[in-house]
Amino acid sequence: MIDWATMGPQLATSIQQTLYMVIITMIIGGILGLLIGILLYATRPGNILQNTVLFNVLNFVINLVRPIPFIIFISLVGPWTLEVIGTSIGTNAAIFPMTLMTAVVLGRIVEQNLVGVDPGVVEAARAMGSSRTRVLFDVVLRESIAPLILGYTFIFIGVVDMSAVAGYIGGGGLGDLAITYGYQQFNYAVTLLAVAVIVVIVQLAQLLGNFLAKRMLHR
Amino acid sequence: MTSIVSFRDVSKAYPGRGAAKGKPVHALRDVTFDVQKGSITGVIGYSGAGKSTLVRLINALELPTGGTLTVNGRELTGMGEKQLRGLRGGIGMIFQQFNLFNSRSVAKNVEYPLIVAGWPKEKRAARVAELLQFVGISDKARQFPSQLSGGQKQRVGIARALATNPEILLADEATSALDPETTTEVLALLKRVNEEFGTTIVVITHEMHVVRSICDHVAVMELGSLLEHGHVYDVFAFPKNPATQKFISSTIADKPSPDTVARLQQLHPGRLVSITISEAPGSGAGSNQRDISSLLASYPAVHDSVVYGSVTEIAQRPFGSLTYVLEGPDHDVDAVIKGLSQLTTVQQWPAAAVAGTDDEGAQR
């Protein structure tokens with residue numbers, strides 16, 4: 001059973017830690033991912049910054065990193081985390097690998113959405129005398145806002161998932177709560193509680209994402 | 001008239017891909033022709049003829065790989081990207097799939113080229129309102145493209161293409177995705193653009209009626225080559241190239257197909273001839289129909305009846321083909337055919353093909 005006197009504050013802290021990790025990761029990783037995606041798109045053969053070497057290197061790195069299970073990825077980048085963050089345990093230490101993984105996965109999602117923009121629309125803008133850079137920002141990015149919002153929503157859920165694993169290096173959060181107080185102390189109710197809160201966070205994020213995408217889609 | 005676009009031996013080749021690597025694909029070969037200032041020029045041909053490439057060379061979306069191309073007095077070869085952008089800004093373009101920005105409202109779509117061209121904000125709003133009024137969709141300004149019908153979308157496309165007062169408007173199959181009624185409306189709008197603003201319009205199409213209803217000049221293309229070009233009436237009524245003749249008869253369909261000829265010969269005893277109804281080249285003096293009627297009337301022994309054909313107008317002048325069955329004494333029929341040959345183009349359908357079927361018919 002749940003002893004609310006101790007579990008109440010514990011739960012509040014966990015929610016705070018989860019939201020902190022997820023939000024910081026989404027902001028930094030989100031921006032990095034957008035940049036990687038744009039760079040991938042722009043260096044494609046026939047595009048503004050056409051650069052086969054850079055394109056292939058980025059492509060390779062993404063394909064290399066994406067399939068690494070996150071729990072292994074954490075220890076893999078551990079030394080680097082120590083150097084950048086100053087520690088390899090704790091909430092901030094968890095954010096570092098989370099951000100890296102998010103940026104890489106998002107890079108691919110952003111690229112795919114940009115590539116999906118109707119080439120006819122790009123041609124129309126070019127026919128008006130718009131420069132290639134301008135076409136990228138005014139047309140390609142703008143036309144893909146709605147699918148990008150859905151892509152970011154999709155990633156958000158992945159980041160919540162990552163934050164749960166981060167408990168492994170003392171990141172805290174709801175995942176840690178479920179393992180430490182639920183699984184290890186045979187308190188199934190705590191596990192259920194953590195799951196319920198995670199489900200609520202994810203559902204709210206999905207609702208917000210759908211709402212924003214719908215507003216931007218104009219359909 | 002002076003020329004606004006002139007092609008001189010212009011070629012365009014793309015590097016071959018995949019299996020054809022190293023073997024260039026020739027989209028255009030040695031094209032030479034002029035687009036007259038203020039004209040509506042049609043570029044026709046089957047798909048893959050090179051029409052799209054030709055029109056994309058005019059606004060430098062593609063660059064020629066050979067020859068010289070002059071647009072508005074400026075030679076394109078050797079221009080830098082920045083100059084090319086300036087040139088494109090002075091040429092409007094509309095598309096088969098409209099290519100509107102779905103994330104922008106109608107008014108914002110029309111405003112975009114003005115932003116690119118660096119118009120100040122105050123002037124832009126007035127210009128957008130004026131353009132929407134011109135194309136007749138002022139009430140849709142705040143709507144988004146997905147809320148519009150095909151015809152309305154193309155009106156937005158036209159307003160957007162005209163925003164910066166271009167001297168040339170390129171229409172790439174602009175009515176091919178529209179129903180016949182909407183097509184007529186959009187064509188009328190293009191005609192108005194040409195008449196009111198003097199905009200030169202280059203229309204790519206595979207639909208003959210588009211050329212018939214709005215173009216004054218036409219260029220016929222096949223497999224990357226320009227077969228012939230000139231005034232619409234001259235090219236349609238007196239095509240010189242056999243491929244042009246084939247294209248025109250396949251799209252106008254006023255001459256009977258071999259199947260129809262066989263059927264007609266079975267149904268009607270007598271000789272089958274198709275004659276062209278047209279004005280004499282460059283005469284403008286009315287068609288040859290009256291002379292043909294008089295000739296037929298002067299041979300009372302020959303009975304004539306029209307069994308196939310149509311007469312219509314191209315560029316406001318009569319044009320068509322009629323297929324007659326001529327019955328009567330052989331030497332009189334010969335005389336009629338000889339007389340017709342002096343007035344117009346006569347095609348006699350060979351009787352040999354008939355013989356077999358005729359015999360069977362006679363036995364029944």
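In what follows, chains are A, B, ... by sequence order, proteins preceding strands, each numbered from 1.
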Quick test of your reading of the model: are B:R56 and A:E123 salt-bridged, counting only N-O distances below 4.0 Å?
yes
With distance as the sole criterion, is a donor-acceptor pair present between the side chains of A:N59 and A:R108 under 3.5 Å?
yes
Between B:I94, B:L170, B:I115, which has the largest tally of heavy atom pairs under 4.5 Å with chain A?
B:I115
Residue, of B:K82, B:R160, B:Q147, that accumulates the most heavy atom pairs under 4.5 Å with chain A
B:R160
Report yes if the side chains of B:K140 and B:R155 come closer than 4.5 Å at any heavy-atom pair, otherwise no.
no
Is [X] close to chain A through its backbone or its side chain, or both, or neither, when contacts mean heavy atoms under 4.5 Å?
X	answer
B:L100	backbone
B:F101	both
B:I91	backbone

Would you sort out whether B:E62 and B:Y14 count as a side-chain hydrogen bond (donor to acceptor under 3.5 Å, both in side chains), showing the intermediate values?
CA-CA 10 Å; B:E62 307 266 4; B:Y14 297 97; 3.3 Å; yes
Do you know which two heavy atoms are closest between B:A174 and B:L178, and how far apart they sit?
O-CD1, 3.9 Å
Does any heavy atom of chain B fall under 4.5 Å from the side chain of A:S144, the backbone, both, or neither of them?
neither
